[in-house]
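Read the numbers this way: they start at 1 and go in the same order the structure lists the ligands and their atoms.
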Amino acid sequence: MSTLKRILKEKIDAHRPRTTKLLKEFGDVKVGEVTIEQIIGGMRDIKSLVTDISYLDPLEGIRFRGKTIPDAMAALPKPAGKDYPYVEAFWFFLLTGEIPSMEQTKEVIEDFKSRSTIPQYVFDIIRALPKDSHPMVMLSTAVLAMQRESKFAKWYEEGFKKLDAWDTMYEDSTDILAKLPGISAFIYRLKYKNDKQIADPNIDFGSNFAHMMGIAAPYDDVARMYFVLHSDHESGNVSAHTTHLVASALSDAYYSLSAGLGGLAGPLHGLANQEVLRWLQEVMEKLNGEEPTEELMKKFVEETLDSGQVIPGFGHAVLRKTDPRYQQQREFCQKHLPNDKIFKYVDMLFHVVPPILLAKGKAKNPWPNVDAQSGVIQWFYGVQEYDFYTVMFGVGRALGVLANITWDRGLGYALERPKSLTTDMLEAVAGIKK
Ligand code: HAX
């Protein structure tokens with residue numbers, strides 16, 4: 001058994017009595033109340049999920065395993081001369097809550113290498129899709145197509161033992177993750193580079209992705225930063241919740257992640273990063289090379305809102321401050337591309353949009369989220385096909401959701417099955433007489 005898997009097993013065994021005790025001895029303790037607004041309004045703030053992998057404070061932003069983004073980034077092992085940590089080390093950290101040593105990280109890297117070969121049928125299936133399919137369709141299809149490889153599904157057929165179910169979930173999750181850099185880069189080069197593919201150099205997660213994309217350093221570090229930042233944001237966001245929900249039916253990691261990626265592909269969620277760039281391109285076209293002034297930008301923002309659209313990259317269902325994932329990327333831009341034209345546009349939006357959204361009085365959070373800044377960096381390093389951005393988000397998000405469903409199995413979380421009411425019933429609860 002690998003060091004990571006052994007430590008994970010120890011952690012799960014140690015944690016299980018806490019969940020059991022809460023359930024058995026304190027199962028009827030009330031945590032909160034539910035209002036009609038919450039039921040109709042997308043279940044905002046209803047406390048009904050458990051995860052120890054990340055926690056999102058509305059004012060502070062995300063903490064991974066109790067650590068802020070800068071603290072986690074600083075503590076994790078990095079390749080020599082690089083600014084961002086090994087993705088494999090981050091996977092170890094998400095699963096166990098422990099910062100791995102360099103030696104433990106190297107062991108995970110070798111493990112990923114041994115699992116990274118992508119079956120030929122995956123390439124054949126992606127190639128068989130219509131060329132104009134969205135790359136998220138390609139990614140989700142590739143993951144789903146590999147379901148026949150599921151160790152969990154085979155193990156389940158042979159006889160299911162609840163306490164051991166995390167083992168094959170972990171195996172499936174690691175198998176999928178190890179293949180994602182290759183699958184996503186394949187999609188990119190198939191769609192946008194005439195299917196001229198580049199072989200896997202077998203270095204580490206971030207380096208492999210950058211190399212197969214065909215982009216030189218420091219893009220490997222950009223990839224590491226990007227995947228870590230997009231990994232996890234508690235369990236209630238659409239992609240995490242969908243993955244968890246599907247897994248709760250004892251569906252394996254392939255079915256679950258593929259479904260979660262479908263949620264990430266929505267414009268109110270992960271697709272917002274491509275929408276930001278699309279919107280900016282429209283603005284730049286209208287400006288016809290002119291330097292944007294604050295007045296002009298305000299006009300474009302107002303026009304977008306008046307046409308009934310949202311401003312992509314701004315607002316959040318939970319956060320009430322600027323997203324620290326946005327800040328991290330902004331700091332990267334200030335260091336590496338301070339004079340980039342699109343960065344200047346995005347930075348101007350940072351000043352222009354919040355007062356307008358505040359004045360409209362609708363959005364509960366007028367501040368930028370992770371998606372406002374991420375496309376700028378990709379664009380700068382040559383990935384200008386913005387409909388690919390959500391695929392990279394998906395690769396990062398896989399780390400978080402797969403760690404979560406492994407723990408779901410470890411702690412034996414139940415099938416999800418909330419209760420529905422009819423409108424008549426809600427009206428009766430509200431005391432409306434008809
Ligand atoms: N532009 C215009 N209006 C906005 C807005 C924005 N950026 N953000 C919120 N609003 C509006 C909402 O559409 C809503 O209007 P209606 O009452 O007419 O429906 C109102 O303000 C209240 O919304 P809210 O309670 O503040 O926000 P929600 O929890 O309902 O939605 C969203 C959160 C992120 C979906 C929302 O802020 C939005 O649409 N933002 C733009 C899209 C975006 O950037 N999505 C990515 C979010 C981060 C993420 O998940 N990445 O994957």
Side-chain angles (χ1 to χ4, degrees), residues 35-46 54 56 58-59 61-62 69 136 139 226-243 260-280 283 297-298 300-330 346 349-376 378 386-401:
T35 63
I36 289 177
E37 184 184 5
Q38 289 175 309
I39 295 173
I40 295 178
M43 301 194 279
R44 290 294 179 288
D45 288 337
I46 298 179
S54 66
L56 178 58
L59 297 178
I62 194 71
I69 294 172
M136 281 301 278
L139 180 65
Y226 200 91
F227 296 146
V228 168
L229 285 185
H230 288 82
S231 60
D232 208 38
H233 222 222
E234 281 190 355
S235 297
N237 66 78
V238 173
S239 51
H241 191 192
T242 309
T243 310
L261 291 169
L264 192 69
L268 293 187
H269 191 17
L271 205 80
N273 58 12
Q274 87 166 45
E275 295 300 291
V276 172
L277 254 285
R278 199 161 63 123
W279 186 81
L280 275 174
V283 172
M297 287 302 256
K298 276 183 195 160
F300 290 125
V301 171
E302 295 278 6
E303 275 174 15
T304 302
L305 291 172
D306 290 347
S307 72
Q309 289 168 266
V310 294
I311 305 298
F314 285 79
H316 201 273
V318 178
L319 273 170
R320 294 295 173 256
K321 276 272 167 72
T322 296
D323 192 335
R325 301 172 299 173
Y326 172 91
Q327 286 293 11
Q328 276 277 319
Q329 296 185 93
R330 183 162 188 262
V346 167
L349 287 177
F350 184 42
H351 301 293
V352 165
V353 175
I356 297 179
L357 287 179
L358 274 175
K360 299 269 175 206
K362 269 208 319 184
K364 293 194 186 70
N365 172 26
W367 305 106
N369 61 57
V370 65
D371 294 312
Q373 191 76 245
S374 51
V376 183
Q378 297 298 336
Y386 44 74
D387 54 356
F388 187 71
Y389 294 170
T390 314
V391 169
M392 291 183 281
F393 193 156
V395 175
R397 182 49 49 101
L399 290 157
V401 300

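- Judged by distance alone, with hydrogens and angles left aside, the side-chain atoms of Ser231 form no donor-acceptor pair with the main-chain N or O of Gly396 at under 3.5 Å.
- Ligand 1 is surrounded by Arg44, Leu268, His269, Gly270, Ala272, Leu305, Val310, Ile311, Pro312, Gly313, Phe314, Gly315, His316, Ala317, Leu357, Lys362, Ala363, Lys364, Asn369, Asp371, Phe393, each with at least one heavy atom closer than 4.0 Å.
- Atom-to-atom distance recorded for Met392:CE and Leu139:CG is 11.5 Å, nearest 0.5 angstrom.
- Between His241 and His269, a ring centre-to-centre spacing not shorter than 6.0 Å is recorded.
- Proximity of a side-chain donor or acceptor of Asp323 to a complementary backbone N or O of Pro368 within less than 3.5 Å is not detected.
- Classified by interplanar angle (parallel below 30°, tilted 30° to 60°, perpendicular above 60°), the ring pair Tyr326/Phe350 is tilted.
- Side-chain contact annotation: Glu37 with Thr35, donor-acceptor N/O pair under 3.5 Å absent.
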